[in-house]
Amino acid sequence: LVLVGPRQDPAEDLCQARNVFWLGARPHETIPSYMANFDVCLIPYRLNSYTRTVYPTKLHEYLMLGKPVVSTALPEVIQFNNGDTPLVHIGGDTDRFEACIIDALAERDPLLLRRRREAAQAHSWVVRIDEMSRIMEGRLTAKRSRVISQWSSLLQQVYRRASKRFFRWVTVTLCAYLLVFHTPLIWWIARPLKVSDPPRHADAIVVFASGVGESGRAGQGYEERVAQAVWLYKQGYAPRMILSSGYRYAFNEAEVMKALAVSLGVPSEAITLEAFAGNTHQDVRFSARIMRGKGLHSALVVSSPYHMRRLSLVWRRQAPEIQPIWAPIPYSHFFGNGRRISLSHLQAIAHEYLGILYYWWRGWI
């Protein structure tokens, strides 16, 4: 009798028997090699309140090897064995267990090996998971059907009790939807956010990556702004460039902006980075500090078109001695210059108006 596995019980009497070899724990990957050399594979669980609910997974491992299996009368094994061709010898007591081992040792039918492997494959994890998935999907489908039925009944009751009020609500909602999403109303409301000057010569081009830009989220739009700044630089409007962003994702955004500008033909020595600002207020303060240190007095300021109002209000309060020239990107891919409004547009425009209120409350404008 060869036993492989850790001892969970001293079992001294068993280990003293001359025909018992307890090998102890072995690496998991070596277990099939031991099992391959077994003549008969045993599932010798003692029956008690705990093991009556046990389903021994080693059963399928034994069967996959085609080995004869002898088990005590575990309910789960008995249920597994209730087929046209029982594959497991079940010994309900000591004498019967010993007789099953003797019968298993005498087996010579090659068809039994194939049937055992087929049975193991029919209970593989892939098959079991598929079966569990079908059961869960069936339950979920039935639950969805009940929910749909309940909602249908509830809606019918609501319709019968308050049909006029319901249709009035639908009409008002539809009109509001059409007004917001299919008219220029929101673009008209957003128009005061725009500030723009004709470009003219300045000491520097200052690019702010904060504010809502081509991505529709604050601090996540810089490509179009860098492109606008590069165009201004190549047109000779300013000899240097300041790139401001303290946002960090996979890389520091200011470094990415610089790499993009350099790739578009701006000399690296003409670029100064401000890589600490986390909002528009800090953008202006930190960039103005750099300009003062370099003795610069005017700047072409580049950002998103709908960010310029908040930016101009902050600039007027935080850097009054530096002359700004507002040079937003001429075309925003995200905003689309008046294309049909979407929820992302509403969020972006609301962000700017709320930002102005918040900055006023903080005393930054």
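Values below: every heavy atom of this structure, side chains too, minus hydrogens, waters and symmetry copies.
Of the inter-residue distances, the one linking R225 atom CZ with E223 atom CD reads 9.0 Å to the nearest 0.5 angstrom. To the nearest 0.5 Å, atom CG of residue L243 and atom CD of residue E255 are 10.0 Å apart. Note: L313 CG to I365 CD1 = 5.0 Å, rounded to the nearest 0.5 Å. In this structure, OH in Y306 is found 9.0 Å from NE2 in H345, a value given to the nearest 0.5 Å. Atom-to-atom distance recorded for S303:OG and Q228:CD is 11.0 Å, nearest 0.5 angstrom. Atom CD1 of I290 and atom CZ of R240 lie 12.5 Å apart (nearest 0.5 Å).
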Derivation and outcome, side chain to side chain donor-acceptor pair (under 3.5 Å), residues N48 and T51: CA-CA 5 Å; N48 54 40; T51 59; 3.2 Å; yes

From CA spacing to verdict: side-chain contact (heavy atoms from CB on, under 4.5 Å), L3, L14: CA-CA 11 Å; L3 304 176; L14 180 63; 3.8 Å; yes

Stepwise side-chain contact (heavy atoms from CB on, under 4.5 Å) check, I205 with I242: CA-CA 6 Å; I205 302 167; I242 299 174; over 6 Å; no

side-chain contact (heavy atoms from CB on, under 4.5 Å) between H307 and T280, intermediate numbers included: CA-CA 9 Å; H307 180 53; T280 301; 2.8 Å; yes

side-chain contact (heavy atoms from CB on, under 4.5 Å) assessment of E253 paired with Y222: CA-CA 8 Å; E253 192 170 61; Y222 61 87; 3.1 Å; yes

Test log, rule ring-ring contact (aromatic ring centres under 6.0 Å, His included), inputs Y55 and H60: CA-CA 10 Å; Y55 190 100; H60 301 299; 5.5 Å; yes

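Nearest approach of M257 to A209, heavy atoms of both residues: SD-CB, 3.8 Å. Taking each heavy atom of A120 and M64 in turn, the nearest pair found is CB-N, 3.6 Å. Taking both residues in full, the closest heavy atoms of F21 and R18 are given as CZ-O, 4.0 Å, listed atom of the first, atom of the second, then distance. The minimum heavy-atom distance between A327 and L300, with the atom names listed, is CB-CD2, 4.1 Å. In plain terms, the two heavy atoms of V302 and I329 that are nearest each other are CG1-CG2, 4.4 Å. L273 approaches A254 most closely through the heavy-atom pair CD2-O, 3.5 Å.
Under the 3.5 Å distance criterion, with hydrogens and angles disregarded, no donor-acceptor pair is assigned to the side chains of H89 and S71. Inspection of the D130 and S133 side chains reveals no N or O donor paired with an N or O acceptor under 3.5 Å. No side-chain donor from either of Q235 and H201 sits under 3.5 Å from a side-chain acceptor of the other.
In the hydrophobic clustering of ILVMFWY residues, with side-chain heavy atoms under 4.5 Å counting as a link, I129 and I135 come out apart. Both I356 and M308 are members of a single hydrophobic cluster when ILVMFWY side chains are connected at heavy-atom separations under 4.5 Å. Cluster annotation: Y34 is connected to L59 through the hydrophobic network of ILVMFWY side chains, with a link wherever side-chain heavy atoms come within less than 4.5 Å. By the criterion of side-chain heavy atoms lying less than 4.5 angstrom apart, applied directly or through intervening Ile, Leu, Val, Met, Phe, Trp or Tyr residues, F97 is not grouped with L87; the two fall into different hydrophobic clusters. Both I78 and L74 belong to a common hydrophobic cluster when Ile, Leu, Val, Met, Phe, Trp and Tyr are linked at side-chain heavy-atom distances under 4.5 angstrom.
In this structure a side-chain-to-backbone donor-acceptor pair under 3.5 Å is missing from S287 to V284. The closest donor-acceptor contact from the side chain of W315 to the backbone of I322 lies under 3.5 Å. With hydrogens and angles ignored, the 3.5 Å screen pairs no side-chain donor or acceptor of S244 with any backbone N or O of F208. At least one donor-acceptor pair under 3.5 Å links the side chain of D197 to the backbone N or O of W326. Remark: the backbone N or O of Q323 is not paired with any side-chain donor or acceptor of S298 at under 3.5 angstrom. In this structure a side-chain-to-backbone donor-acceptor pair under 3.5 Å is missing from D283 to A277. Panel note: side chain T141, backbone E137; a donor-acceptor pair is recorded below 3.5 Å.
Residue F276 is found in a hydrophobic cluster whose other members, listed by chain and number, are F286; membership requires side-chain heavy atoms under 4.5 Å apart, directly or through intermediates.
By the ring pair (Phe, Tyr, Trp, His ring centres under 6.0 Å) test, H297 pairs with no residue at all, sequence neighbours left out. Considering only residues two or more places apart in sequence or on other chains, K234 meets the side chain to side chain contact (heavy atoms under 4.5 Å, CB included) condition with V230.
Under a cut-off of 6.0 angstrom, the local environment of CD in E118 is crowded, with over 12 non-hydrogen atoms contributed by other residues, nucleotides or ligands. In this structure, R144 places its CZ atom where more than 12 heavy-atom neighbours from other residues, nucleotides or ligands lie under 6.0 Å away.
A salt bridge does not link R289 with E274: none of the charged nitrogens is closer than 4.0 Å to a carboxylate oxygen.
Counting only heavy atoms from C-beta outward, the side chains of W187 and I349 approach each other to under 4.5 Å. In this structure, the side chains of E76 and R52 stay at 4.5 Å or more apart for every pair of heavy atoms. Between K58 and I43 there is a side-chain heavy-atom pair separated by less than 4.5 Å. Under the 4.5 Å side-chain criterion, counting only non-hydrogen atoms from C-beta, H281 is in contact with Q318. Counting heavy atoms from C-beta outward, L113 and R117 have side chains that approach closer than 4.5 Å. Between V77 and P75 the shortest side-chain heavy-atom distance does not fall below 4.5 Å. In this structure, L63 and F80 have side chains that are in contact, with non-hydrogen atoms separated by less than 4.5 Å. Inter-residue side-chain proximity for K67 and V40 is flagged as unmet; no heavy-atom pair is nearer than 4.5 Å.
Taking the ring axis of W22 as reference, the NZ or CZ atom of R7 stays within 45° of it and closer than 6.0 Å to the ring centre. By the 6.0 Å and 45° rule, R116 does not stack over the aromatic ring of Y62.
Classification of the Y237-W231 ring pair by plane angle, with boundaries at 30° and 60°, yields tilted.
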